[in-house]
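Okay, structure first, notes after.
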Amino acid sequence: MRRIITIFFLIIISFLLQSTILSIYSINGMAPNLMLVLTMSFGIMRGRREGMLTGLFCGFLYDVFYGSLLGPYMLLFLVIGYLNGSFHKDFLMEDIMLPVFIIIADDFIFCFVQYVFYFLLRNRTNLLFYIVNVFLPQILFTVIATIIIYRLYVLINKALKKKVKENETA
């Protein structure tokens, strides 16, 4: 129960930071995607189920506040959380390189899906322009945020695991 409450608060804090402070101080409208970092982190640290649930709730908030429909971002975050959970077995928590490579792929997928639905379907087909001017800055900001925030998520995850072990032995 403590894990669920902690993840819930992390989702709320990440969403509030992303939608307020980071959007105010964004550069050319680009800010790191903290919801994606959270989904990726708990997916690779806790497995597919945890990644899917975290992604589901992150996507729900994203749909409610940023989307025009309820569901597309939920599905996208859910799939990303599930795919990231596949790396759970091959993962050392202290290693930062795997999360960086995963967040690059995740953010590219996220930006590409946004491009398809918001630009390509409106006959704006200059993909190279969007890769250079939108995808790469967005990915760079998210990678920097991942390097900073990921270690905090590892500490939180270790504390949650420690509490579970203490409760089991008591």
Side-chain angles (χ1 to χ4, degrees), residues 7 10-11 13-15 17-19 22-23 26-93 95-154 157:
I7 292 173
L10 287 174
I11 290 170
I13 290 168
S14 295
F15 178 75
L17 283 174
Q18 182 175 332
S19 62
L22 294 177
S23 67
S26 64
I27 300 171
N28 291 337
M30 299 292 158
N33 193 339
L34 298 180
M35 306 292 275
L36 196 61
V37 174
L38 182 68
T39 301
M40 179 273 306
S41 298
F42 278 92
I44 62 175
M45 285 190 292
R46 307 290 294 186
R48 289 179 178 164
R49 180 174 169 247
E50 204 78 33
M52 281 178 32
L53 291 175
T54 305
L56 179 76
F57 291 112
C58 287
F60 175 74
L61 280 176
Y62 218 92
D63 273 335
V64 168
F65 289 96
Y66 296 124
S68 55
L69 296 172
L70 189 62
Y73 286 114
M74 274 193 323
L75 180 63
L76 180 61
F77 275 92
L78 185 131
V79 168
I80 287 173
Y82 180 80
L83 293 175
N84 292 335
S86 302
F87 295 101
H88 174 66
K89 300 277 188 221
D90 306 323
F91 169 69
L92 298 172
M93 260 193 254
D95 182 26
I96 191 71
M97 290 311 293
L98 180 64
V100 167
F101 289 127
I102 291 174
I103 201 68
I104 289 170
D106 289 348
D107 210 8
F108 186 82
I109 291 168
F110 185 82
C111 289
F112 186 75
V113 168
Q114 281 188 321
Y115 166 75
V116 167
F117 286 110
Y118 288 116
F119 299 107
L120 187 64
L121 293 178
R122 294 182 180 155
N123 204 21
R124 297 180 187 165
T125 58
N126 193 353
L127 180 61
L128 185 62
F129 173 81
Y130 287 105
I131 288 175
V132 171
N133 294 316
V134 177
F135 289 23
L136 293 179
Q138 175 75 30
I139 291 170
L140 178 67
F141 291 145
T142 305
V143 166
I144 292 169
T146 300
I147 292 170
I148 296 168
I149 295 172
Y150 177 74
R151 296 190 192 280
L152 175 67
Y153 290 156
V154 168
N157 187 43

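We number each residue from 1, following the sequence as shown.
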Smallest separation among heavy atoms of [X] and [Y], with atom names:
{"X": "M52", "Y": "Y82", "value": "SD-CD1, 3.2 Å"}
{"X": "P32", "Y": "L22", "value": "CG-CD1, 3.8 Å"}
{"X": "Y150", "Y": "D95", "value": "CE2-O, 4.0 Å"}
{"X": "S14", "Y": "L34", "value": "O-CD1, 3.9 Å"}
{"X": "V132", "Y": "P137", "value": "O-CD, 3.4 Å"}

Please round to the nearest 0.5 Å and tell me the distance separating atom [atom1] of [X] and atom [atom2] of [Y].
{"X": "I144", "Y": "I149", "atom1": "CD1", "atom2": "CD1", "answer": "11.5 Å"}
{"X": "L36", "Y": "I139", "atom1": "CG", "atom2": "CD1", "answer": "10.0 Å"}
{"X": "T146", "Y": "R151", "atom1": "OG1", "atom2": "CZ", "answer": "11.5 Å"}
{"X": "I103", "Y": "I96", "atom1": "CD1", "atom2": "CD1", "answer": "10.5 Å"}
{"X": "N126", "Y": "I131", "atom1": "CG", "atom2": "CD1", "answer": "9.5 Å"}
{"X": "F87", "Y": "L98", "atom1": "CZ", "atom2": "CG", "answer": "6.5 Å"}

Quiz item: Should the pair F65 and F15 be assigned to parallel (<30°), tilted (30 to 60°) or perpendicular (>60°) ring geometry?
Solution: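 Tilted: the ring planes of F65 and F15 meet at 30° to 60°.
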
Quiz item: Taking the inter-plane angle between the rings of F42 and Y153 on a 0 to 90° scale, is it parallel (under 30°), tilted (30 to 60°) or perpendicular (over 60°)?
Solution: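 Aromatic pair F42/Y153 classed tilted.
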
Crowded around [X] [atom1]? As in, over 12 foreign heavy atoms under 6.0 Å?
{"X": "F141", "atom1": "CZ", "answer": "yes"}
{"X": "F135", "atom1": "CZ", "answer": "yes"}
{"X": "Y66", "atom1": "OH", "answer": "yes"}

Self-check item: Distance flag, aromatic centroids of F77 and F57, threshold under 6.0 Å
Solution: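 No, the ring centres sit 6.0 Å or more apart.
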
Exercise. Decide if the gap between the ring center of Y62 and the ring center of F110 is smaller than 6.0 angstrom.
Key: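 Yes - the distance between ring centres of Y62 and F110 falls below the 6.0 Å cut-off.
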
Quiz item: Is there any salt bridge (Lys or Arg N to Asp or Glu O under 4.0 Å) pair reaching into residues 112-132, and which pairs are they, with sequence neighbours excluded?
Solution: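 The answer is none; no pair qualifies.
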
Quiz item: Do any pairs count as a salt bridge (Lys or Arg N to Asp or Glu O under 4.0 Å) and have a residue in residues 45-65, sequence neighbours left out, and if so which ones?
Solution: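 Those involving residues 45-65 are R3-E50.
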
Quiz item: Taking Q138 for the side chain and C111 for the main chain, is one N or O donor matched with an acceptor at less than 3.5 Å?
Solution: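 Not at all, since once roles are kept as given, no pair shorter than 3.5 Å links the two residues.
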
State, with a plain yes or no, whether a side-chain heavy atom of [X] is found less than 4.5 Å away from one of [Y].
{"X": "I109", "Y": "L76", "answer": "yes"}
{"X": "L140", "Y": "L136", "answer": "no"}
{"X": "I80", "Y": "M40", "answer": "no"}

Quiz prompt | side chain to side chain donor-acceptor pair (under 3.5 Å): pairs with one or both residues in residues 105-115, sequence neighbours excluded | solution =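 Of all non-adjacent pairs touching residues 105-115, those that pass side chain to side chain donor-acceptor pair (under 3.5 Å) are Y73-Q114, N84-D106, D107-T142.
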
